[in-house]
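Below is one structure, written out as structure tokens; the observations come after it.
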Amino acid sequence: MEFLESLSSIPFYLLAAITVICSLGMILNPNLVRAGFTLIGSFAAISGFYFMLSANFVAVSQVLIYAVGIVLVIVFAVMLCSLKEEASKVKDYIFASKPKAAFSIVISALVFSVLSFVIQSQDWETITKLTGASKYANLVDMVDEKYTSQIGYLMLNKYLLPFELISVLLLVVLVGVIILSKKEINK
Amino acid sequence: MEIGLTHYLTLSALLFSIGLFGLLISRNAFRVLMSIEIMLNAVNINFVAFAHYIDPLAIKGQVFSLFIMAIAAAEAAIGLALLLLIYRNRVNIDIDSFTTIKW
């Protein structure tokens with residue numbers, strides 16, 4: 001029985017390894033286009049976490065928006081800039097300035113240690129019990145398939161104002177990007 | 001050991017630190033944008049994990065993470081348009097060289 005329980009944690013650690021390795025690979029890979037495609041692996045593994053957390057709709061949107069949309073746009077922009085000479089110039093950027101590399105490693109390690117200290121100092125099991133998530137544990141399986149329809153309902157009722165604001169924001173972004181990227185006409 | 005909320009929070013903290021590391025160490029502006037996407041994803045994992053373990057009935061975390069995705073898409077579009085504009089004017093996207101408005 002314990003063996004079976006330990007077996008159930010394998011997908012989590014597998015996905016975590018893929019996510020962390022792909023993210024680090026994105027930062028350390030000198031080739032920008034390859035770095036962009038490495039990002040797809042990271043985002044796909046994160047969508048696997050969403051499936052494990054029974055957030056099906058969020059997982060599918062993750063694949064659609066991040067793994068395909070944003071990465072593709074970034075990679076196309078990289079290709080438009082055709083940074084062949086540029087890439088070789090900043091190839092060994094990690095070792096280009098050692099103080100900067102040491103500074104970034106120290107800062108990110110500090111942030112991680114502070115965050116993990118805060119996480120470890122909370123008794124999450126008690127909090128989960130207090131908020132009653134375990135009370136609904138058997139109910140969750142029933143709700144599970146209804147999450148997608150519930151999200152649609154919430155978006156058009158309780159969160160209607162932020163939903164509309166997001167659509168206005170996307171319209172503004174669309175117009176702004178067209179204005180920014182169109183060629184200037186010389187008078 | 002069963003996978004709980006702590007695992008997801010720690011993973012999210014690790015991803016956030018990796019994104020911060022990439023943000024600080026990169027000299028290429030495109031890589032800075034990609035690191036920001038990684039950090040936004042770390043935050044999203046937090047939201048969905050909280051929605052699953054603490055708030056499984058109202059799922060506010062899932063809705064909020066969808067809003068964050070829309071904001072991230074907008075941010076990537078604007079950022080890339082600005083980068084292409086800078087590249088067109090200067091043929092250089094090294095972030096250390098953007099010093100025109102340095103006081």
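Numbered from 1 within each chain, the chains take letters A, B, ... in sequence-line order. Note that these values count all heavy atoms, side chains included, but never hydrogens, waters or copies made by symmetry. As the structure is a prediction and not an experimental result, all values here were calculated from the model.
With a threshold of 4.5 angstrom between heavy atoms, Phe50(B) approaches chain A through side-chain atoms but not through N, CA, C or O. Heavy atoms of Ala72(B) lying under 4.5 Å from chain A belong to its backbone as well as its side chain. Proximity to chain A (any heavy atom under 4.5 Å) is restricted, for Phe16(B), to the side chain, taken from C-beta onward. The contact between Ala77(B) and chain A is made by backbone and side chain atoms together, counting heavy-atom distances below 4.5 Å. With a threshold of 4.5 angstrom between heavy atoms, Leu5(B) approaches chain A through side-chain atoms but not through N, CA, C or O. Interface remark: Leu14(B) contributes backbone and side-chain atoms alike to the contact with chain A (heavy atom separation under 4.5 Å). Heavy atoms closer than 4.5 Å to chain A are found in both the backbone and the side chain of Ile18(B). Contact of Ile45(B) with chain A is made through backbone and side chain together, with heavy-atom distances under 4.5 Å. The contact between Ser65(B) and chain A is made entirely by side chain atoms (from C-beta outward), counting heavy-atom distances below 4.5 Å. Heavy atoms closer than 4.5 Å to chain A are found in the side chain of Leu11(B), but not in its backbone.
For Phe57(A), there are no ring-ring contact (aromatic ring centres under 6.0 Å, His included) partners, not counting sequence neighbours.
You'll find the side chain of Tyr53(B) reaches within 4.5 Å of the side chain of Leu53(A), heavy atoms only. Annotation: side chain of Leu154(A) is not in contact with side chain of Gln62(B) (no heavy-atom distance under 4.5 Å). Side-chain contact between Met69(B) and Val58(A) is present, with heavy atoms from C-beta onward closer than 4.5 Å. Inter-residue side-chain proximity for Ile71(B) and Ile166(A) is flagged as met; some heavy-atom pair is nearer than 4.5 Å.
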Should Phe12(A) and Tyr8(B) be marked as a ring pair (Phe, Tyr, Trp, His ring centres under 6.0 Å) after you check the CA-CA gap, both sets of side-chain angles, and the distance that decides it? CA-CA 9 Å; Phe12(A) 177 85; Tyr8(B) 284 101; 4.9 Å; yes
Please step through side chain to side chain contact (heavy atoms under 4.5 Å, CB included) for the pair Leu80(B) and Phe76(A), ending with a clear verdict. CA-CA 10 Å; Leu80(B) 288 171; Phe76(A) 267 122; over 6 Å; no
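Val78(A) is connected to Leu180(A) through a chain of hydrophobic side-chain contacts under 4.5 Å among Ile, Leu, Val, Met, Phe, Trp and Tyr, so both are in one cluster.
Other members of the cluster containing Val106(A) are Leu110(A), with ILVMFWY side chains joined at under 4.5 Å, either directly or via other members.
To the nearest 0.5 Å, atom CD1 of residue Ile151(A) and atom CG of residue Leu66(B) are 5.5 Å apart.
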